[in-house]
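Right, one structure below, let's go through it.
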Amino acid sequence: MNDLNDNLPRPTVRCARILVAFWLAGWFLKGEFFRLYLFQTIVGYPFVMDFFPEFFRSAQVAQCFYLLPLFVLTVFIRPYRTYFFLAAVIMTVSSFVLLLHQDTHNDATFLTSFWVGLWLIWFSTQMHRDDDDFFVHARSLALCVVGLNFLGGFVGKLTPEFWNGKALADIFMEQNYGVIGSRIRAAFSEHDLRTYFQWISKAVVVGEGMLALSPILPYRLVVWVGIPFMAGISLFTTWRIFSVLFCLIGLLIAVGRLKK
Amino acid sequence: MPLVESLKRLNPDKDRGVFVFYVFIAAIAAFLCCLPFSTSIQRIMMSKFHLTLNPFSRWAAAQCVPSMYNFKNEVFWSFQPQISFNRADPMTPHLAVNHYPMRMIFFTGDRRGAVFHEPLYIYLRSTYRGRELVTSYLLTSTPQRLYVQFLNIHERSER
């Protein structure tokens, strides 16, 4: 048996498996939509923009890289470091390709999945370690990945249209947010909703600003406040946003398992 | 503070991967922190959303920069080449979008909603801190495909 794969410390295996599970849950959360979209819609009625190179316009490329992460299930069969490393590479490359593909580039699922995949690539190369330094670095880098993703969201909302609630209110009023969104729109007048969104929007901006500071906040605070905040975002957007957030939530939970 | 604790224990020789990862994250974080103040970076990130950041490799690099729900984004459409961005006008169809406003055309299970009997002018509009970017496209549809052709970019600043 390969020495590199033998006897990986249990905390690191547990951490990696928790992360991969959440990552896959987020990736395939919209599986039904992508089954229709990637295998019927973009094939039957292609959308063509010359901005994208031919490789990133190919329906077969999108299909292949969307399904490729199924191979990472091997990490649950055998806890080999090689398997974890290959899984991380597959997760990261698949995310990166779909982040650049004409038909999927807009979905933030592939952006957060990419960053978590990068973290796992690094983590998988160190999985033989169980020293405190490694655990400290792993947790700090995880918080940096979470912080960076929310920093990006935060700075882009530092504009009057978000602070006064107009941007989020317009999106909520004009987009189809399913059954819950429809019921909320039916239960309240537009004037009342726009008034509420003045405060909801401020809360979102402040909450993202807090999560952007994750690397310098206590880990438990980020977990116990940040994860409910992320879950709360779905109330004002759509449950599908968990496809974006599951990998980040999983990363936060997974690194909490890193202890001797 | 986890980051401070990690940096104290960091040995660049032994923890080279950690060091490289921190440098990468720090560079992108610095880029993002300049967004509210730099018109160049605002233009880059808005152009990313409008699919006009050339060359493609530059757009690909920008795609790795987190930017969820950035800016106020809208998509307008009209059969006429001229349009007023008057949201109160019922004759000016429009939608507010979280990001990548062009996605309202293609990112759907049924693209037939974007099929029209004549070419359609699409206007993507993003605003941020007094800066506005409007990109126009021409959408033509055939029984086999939707084709989007870039037309023009218009940039405006209130400052």
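Here is the naming used below: chain letters follow the sequence lines, and residue numbers restart at 1 for every chain.
Ring geometry, A:Trp115 versus B:Phe24: the interplanar angle falls under 30°, so the pair is classed parallel (tilted spans 30 to 60°).
Each of A:Phe134, A:Phe162, A:Phe114 has some count of heavy-atom pairs under 4.5 Å with chain B, and the biggest count is that of A:Phe162. No other option in B:His99, B:Glu5, B:Gln149, B:Gln144 has as many heavy-atom pairs under 4.5 Å with chain A as B:Gln144. Of the residues considered (B:Arg145, B:Arg103, B:Met1, B:Lys8), B:Arg145 shows the highest number of contacts with chain A, using heavy-atom pairs under 4.5 Å. Heavy-atom pairs under 4.5 Å with chain A peak, among B:Val20, B:Val18, B:Leu7, at B:Val18. Of all the listed residues (B:Asn73, B:Ile28, B:Thr52, B:Val4), the one sharing the greatest number of non-hydrogen pairs under 4.5 Å with chain A is B:Ile28. Considering only heavy-atom pairs separated by less than 4.5 Å from chain A, the leading option among B:Phe56, B:Phe49, B:Phe31, B:Phe150 is B:Phe56. Counting heavy-atom pairs under 4.5 Å between each of B:Leu35, B:Thr142, B:Val148, B:Asn54 and chain A puts B:Val148 at the top.
With a 4.5 Å cut-off on non-hydrogen atoms, B:Pro143 touches chain A through its backbone but not through its side chain. Heavy-atom distances place the side chain of A:Val244, and not its backbone, under 4.5 Å from chain B. Looking at A:Phe56, only its side chain comes within 4.5 Å of chain B, counting heavy atoms on both sides.
When side chains are defined from C-beta on, B:Ser6 does not count as touching A:Leu141, because their heavy atoms never get closer than 4.5 Å. Side-chain contact check for B:Phe106 versus A:Met49: every heavy-atom pair is 4.5 Å or farther apart. By the 4.5 Å heavy-atom criterion applied to side chains, B:Cys64 and A:Phe96 are counted as neighbours. Looking at B:Cys33 and A:Leu151, their side chains come closer than 4.5 Å, going by heavy atoms from C-beta outward. With a 4.5 Å cut-off on side-chain heavy atoms, B:Met102 and A:Phe47 count as touching. The side-chain heavy atoms of B:Trp59 and A:Leu100, taken from C-beta on, include a pair separated by under 4.5 Å.
Among A:Thr112, A:Val145, A:Val155, A:Asn149, the one residue that satisfies the side chain to side chain contact (heavy atoms under 4.5 Å, CB included) test with B:Pro66 is A:Asn149.
Checked by atom type and distance alone, the side chain of A:Thr41 never pairs as donor or acceptor with a backbone atom of B:Asp110 at under 3.5 Å. One N or O on the side chain of B:Arg111 and one on the backbone of A:Tyr45 form a donor-acceptor pair closer than 3.5 Å.
Checked against a 6.0 Å centroid threshold, the rings of A:His137 and B:Tyr22 do not count as neighbours. Annotation: A:Phe123 is not in aromatic contact with B:Phe21 [ring centroid separation under 6.0 Å not met].
Separating the NE2 atom in A:His105 from the NZ atom in B:Lys48 is a distance of 10.0 Å, to the nearest 0.5 Å.
Counted by atom type alone, A:Asp50 and B:Tyr147 present one or more donor-acceptor pairs between their side chains at under 3.5 Å.
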